[in-house]
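Atoms within each ligand, like the ligands themselves, are counted from 1 in listed order.
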Amino acid sequence: MRFYSTNSPQNTVSAEQALFHSMPADKGLYMPTPLPVLGTDFFEKIADQSLADIGFEISKALFGDEISKANLETITHNALHFDTPVVELEPGQTGVLELFHGPSLAFKDVGARYMAALMSYYSARNDKEVNILVATSGDTGGAVAMGFHNVPGVRVSILYPTGRVSELQEKQLTTLGVNIQAFEVDGSFDDCQAIVKQAFVDPELNTHLSLSSANSINIFRLIPQGFYYVRAYGQVRHHGKPVVFSTPSGNFGNLSAGAMVQQMGLPVAHFVAATNLNQVVPSYLKTGVYSPKASVATISNAMDVGSPSNFVRLAHLYGDSYDRFKENVSGYFYDDDQTRAAMQQIYSQYSYVTCPHTAIGILGLQAYLSDSNHDYVGVALATAHPSKFKPLVEEVLGQPVEVPERLANLADRLKQSIQIPAQFEAFKDSFLQTVS
Ligand SMILES: *Cc1c(COP(=O)(O)O)cnc(C)c1O
């Protein structure tokens with residue numbers, strides 16, 4: 001498997017290059033080539049397979065002989081040691097695909113953990129420690145930190161804006177220790193990102209150390225996200241109906257992963273792109289004109305993205321054809337009042353508690369199923385556990401929300417961070433001390 005940039009399909013790089021240097025110099029996005037085709041016999045035998053089993057099968061098809069089967073098996077089973085079950089709301093008609101059974105309680109665990117396991121594999125082979133630098137506004141940092149925790153050969157430095165992440169998010173970033181170091185920056189998320197960007201071009205840092213990024217456009221975060229669409233298909237296939245997926249979206253990585261695995265042969269009848277008021281993709285689907293905007297703040301804040309970084313990838317997967325895009329994807333968007341009302345309605349009708357993002361996914365699914373008038377089985381992706389948004393969910397439902405033990409445990413752990421002013425030199429000095 002090779003990787004080409006969407007801006008220059010004729011030039012390809014190795015998997016290792018795309019993994020550690022996730023941004024092509026021409027500012028495009030990496031895509032795998034060729035995409036393997038998973039035959040019908042593959043889909044017939046997956047009903048009883050775990051997420052890791054399915055991930056292993058697809059990884060073998062992707063990597064071929066590049067990584068031995070034994071190593072691929074270790075990578076997928078270490079990374080994906082939790083399930084992604086479909087819970088049916090209306091049996092045979094609608095269900096939610098729960099993607100929050102991993103350590104940080106959000107779907108981003110899947111991509112972050114698979115990417116981390118691959119980086120560890122390559123760093124051991126090259127006998128060279130890798131330094132990951134990440135700037136986070138909160139959510140991604142947790143999945144990345146937990147994904148890399150205790151992974152041999154990889155050291156992670158996370159920069160976050162002091163006072164601007166939630167208490168639970170801060171615990172995820174600052175209490176793990178071992179190979180995870182948090183830098184608490186006296187500034188904004190943009191300051192954190194600027195420091196990280198400067199580190200990647202700093203001559204001194206780059207001669208001594210192997211620096212890499214774990215940002216969300218890394219293609220190895222998207223590839224494993226395709227696995228759970230396949231796992232979900234395996235779980236609802238016995239209903240004998242075409243399957244529709246509804247994906248609550250912000251940067252559109254999750255939906256791109258679905259489109260990629262559809263291209264590999266997964267029989268997906270249709271996708272729903274469900275968003276909050278940051279509705280650039282639903283608008284594009286309606287008008288054919290793509291116009292990114294500044295983001296607006298909503299209660300489903302992990303989807304507050306005005307210029308989705310994976311739009312190019314998604315369009316590319318549909319041959320940059322508006323008609324093909326529209327044949328495969330429908331857009332729906334909702335404001336905060338509609339989101340709150342949906343959370344209440346889903347709770348009173350099904351006794352099912354959702355986070356605001358998941359509620360938007362279910363709303364989009366219900367709207368599409370009723371607009372299309374087809375007999376589909378619809379699956380909405382549940383992107384985070386409701387307890388990740390505990391104060392909001394409790395306020396909306398008037399019910400206490402339980403925090404799973406694996407996260408509640410963090411509350412008692414000691415925060416450890418290095419506090420720095422929002423200046424590159426200050427970061428560089430203390431970073432060099434931590435790695436020496
Ligand atoms: C990141 C995130 C999303 C958006 O996913 P994209 O891949 O960026 O579209 C949705 N819900 C939750 C809870 C998230 O953390």
Could you label the plane-to-plane angle of the F183 and F427 rings as parallel, tilted or perpendicular, counting under 30° as parallel and over 60° as perpendicular?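 The rings of F183 and F427 stand perpendicular, inter-plane angle above 60°.
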Run the numbers for me: atoms of ligand 1, each under 4.0 Å from some heavy atom of [X], listed by number.
X	answer
S249	9 (O)
A384	13 (C)
G253	6 (P), 7 (O), 9 (O)
N254	7 (O)

Please determine whether side chain to side chain contact (heavy atoms under 4.5 Å, CB included) holds for the pair Q225 and F107, giving the CA-CA distance in whole Å, both sets of side-chain angles, and the decisive distance to 0.1 Å. CA-CA 8 Å; Q225 288 177 201; F107 79 89; 3.7 Å; yes
[X] and [Y] ion-paired at < 4.0 Å:
X	Y	value
R231	D53	no
K415	E167	no
K60	E57	yes

Can the ring centres of Y4 and H316 be said to be less than 6.0 Å apart?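 Yes, ring centres under 6.0 Å apart.
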Check whether any heavy atom of P248 sits under 4.0 Å from an atom of ligand 1.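 Checking ligand 1 against P248, which is what was asked, there is a heavy-atom contact under 4.0 Å.
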Would you mind checking which non-hydrogen protein atom is closest to atom 12 (C) of ligand 1, with the distance to 0.1 Å?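 Here the nearest protein heavy atom works out to T383 OG1, 3.4 Å.
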Name the closest protein heavy atom to atom 4 (C) of ligand 1, giving the residue it belongs to and the distance to 0.1 Å.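 The answer is G250 N, 3.6 Å.
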From M303, K108, K388 - option closest to atom 2 (C) of ligand 1 by heavy atom: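 Looking at heavy atoms only, the winner is K108.
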With only distance considered, is F107 within less than 3.5 Å of ligand 1 through an N or O on each side?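 N/O-N/O distance under 3.5 Å: no.
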Evaluate N251 for polar contact with ligand 1, using N/O atom pairs at a separation under 3.5 Å.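 N/O-N/O distance below 3.5 Å exists for this pair.
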Can you measure from CE (M343) to OG (S348) and round to the nearest 0.5 angstrom?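 The OG atom of S348 is 12.5 Å from CE of M343, to the nearest 0.5 Å.
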